[in-house]
Amino acid sequence: MNKNRIHIIHNAFDIFYLLIGPAIAAVGIALFYTPAKITSGGASGVANILYNLFGFDLGLVSFLVNLPLITVGVFVFGFKYSIKTFIGSSLLSIWVSTLGKLTGYTGFLDVSEPVNILLSAIFGGVLLGTGIGLTMKSGCNTGGTDIIAQTIAHYTPIAVGTVSFCFNCLVVGSSGYFIGFQPMLFSVIGMFCSSFMVNYVLTGFGTRRSKTVYIISDDIDSIGDRVVHELKRSGTVWEATGYYTGLRHKILMVLVQNHQYQRLLRIISQEDPRAFVYVGEAYRVLGKGFAPLKRIADSTVAED
């Protein structure tokens, strides 16, 4: 497959993720969170509080909150980053407003039942996190207070995650004061679910998880030849000394996609049944034969 075709396929996936991601996140916000008075972090959380207090439209408020934050992003991270943020946040706002007008923010569940509020927190969090994760995979993001967090982290030694967590806690804590203590507790559950799904989508879904396999054997050469010819993979070899025996051995490190893992073990077993094998999970491998490094680097949200 030539580079141009690979580039076209990757761009098609990016567009698909960008179109579907904000829509999925909006379902979580408009049809699960809002009816149950559950608050997410960031601009959407601020919009949810104002909606419950004054009836302001969620999507519109979220968009207005994001605008000055995106302007800050232009000066700190550049025009390209801000355009991506503007696209992602705008699509999310449009979808939230559209779903809100179509349904009146009533959702699917009868929130007079406490168990349905819990279900709203769980499923709303899953949908919100999935949508945000897919949007980020496209190279864009949904904006919000993460821009402030990234800006503070840019000028201070404080990590992005720490600042973002504090801002989200502030928003959710405010919802406890303005909306109620019980909805705030459900909001914490929703935040946990959404955070988990964002991480899963970014590091698991669509990344073709791989295995890092370390092989210690006296037949490294024969194992390596079969890895190259049968699996179309390469590896790295270095010399090592056994601490207990003092004997010299070769160690071969091989990175394989999950579907090749069993075939690799079969090759090792056939060549040297006494080989010592150590296997680690590699949630992302970048470079030739795996995910393209430039595409992933270009789509990464600024964290410095």
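- In this structure, the side chain of D219 does not engage the main chain of S222 through any donor-acceptor pair within 3.5 Å.
- Between R226 and E271 there is a salt bridge, since at least one side-chain N of the basic residue sits less than 4.0 Å from a carboxylate O of the acidic one.
- Between the side chain of K37 and the backbone N or O of T34 there is no donor-acceptor pair closer than 3.5 Å.
- In terms of modelled atom types and a separation under 3.5 Å, the side chain of S97 and the main chain of I94 share no donor-acceptor contact.
- Side-chain atoms of S269 never come within 3.5 Å of backbone atoms of L265 as a donor-acceptor pair (strictly under, hydrogens ignored).
- Put simply, the side chain of L134 does not reach to within 4.5 Å of the side chain of F16, judged on heavy atoms.
- The shortest distance between side-chain heavy atoms of F123 and Y33 does not fall below 4.5 Å.
- Counting heavy atoms from C-beta on, the side chains of S62 and I29 never come closer than 4.5 Å.
- Between K250 and D218, none of the side-chain N atoms (NZ, or NE/NH1/NH2) sits under 4.0 Å from a carboxylate O, so this pair counts as no salt bridge.
- Taking 4.5 Å as the limit, some side-chain heavy atom of S40 sits within range of a side-chain heavy atom of L128.
- Counting Ile, Leu, Val, Met, Phe, Trp and Tyr side chains that sit under 4.5 Å apart, directly or through other members, I87 shares a hydrophobic cluster with L18, F79, I83, L91.
- Side-chain atoms of Y214 do not come within 3.5 Å of backbone N or O of G280 as any donor-acceptor pair.
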Return all side-chain donor-acceptor pairs below 3.5 angstrom for residues 235-247, not counting sequence neighbours, or 'none' if the list is empty.
| from | atom 1 | to | atom 2 | distance (Å) |
| --- | --- | --- | --- | --- |
| T241 | OG1 | R248 | NH1 | 2.7 |
| T245 | OG1 | L247 | N | 3.2 |

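- Here the side chains of L231 and R263 are in contact, with some heavy-atom distance below 4.5 Å.
- Counting only heavy atoms from C-beta outward, the side chains of T106 and T103 approach each other to under 4.5 Å.
- One distance of note links CG of L119 with CG of D110; it measures 11.5 Å at 0.5 Å rounding.
- A 4.5 Å side-chain heavy-atom check between L252 and V254 finds at least one atom pair inside the cut-off.
- Here the CD1 atom belonging to I189 is positioned 12.0 Å from the OG atom belonging to S194, to the nearest 0.5 angstrom.
- Taken to the nearest 0.5 Å, the CD1 atom of I20 stands 7.5 Å off from the CH2 atom of W95.
- A 6.0 Å sphere centred on OH of Y105 holds more than 12 heavy atoms belonging to other residues, nucleotides or ligands.
- Nearest heavy-atom pair, G143 versus N66, reported as atom, atom and distance to 0.1 Å: C-OD1, 3.7 Å.
- Within the model, atoms OG of S120 and CD1 of I38 stand 5.5 Å from one another, a figure rounded to the nearest 0.5 Å.
- Closest approach of A275 to I268, counting heavy atoms only: CB-CG2, 3.8 Å.
- Through direct or indirect side-chain contacts shorter than 4.5 Å among Ile, Leu, Val, Met, Phe, Trp and Tyr, M184 is connected to V172, F181, L185, V188, M191.
- Taken to the nearest 0.5 Å, the CG atom of L127 stands 5.5 Å off from the CZ atom of F32.
- The CD1 atom of I122 lies 9.0 Å from the CZ atom of F186; values are rounded to the nearest 0.5 Å.
- Side-chain N or O atoms of N48 include none that pairs as donor or acceptor with a backbone N or O of T39 at under 3.5 Å.
- Residues L92 and A26 come closest through the heavy atom pair CD1-N, 3.7 Å.
- With S89 contributing its side chain and T142 its backbone, the two residues share no donor-acceptor pair below 3.5 Å.
- For G59 against V96, the heavy-atom pair with the smallest separation is N-CG1, 3.8 Å.
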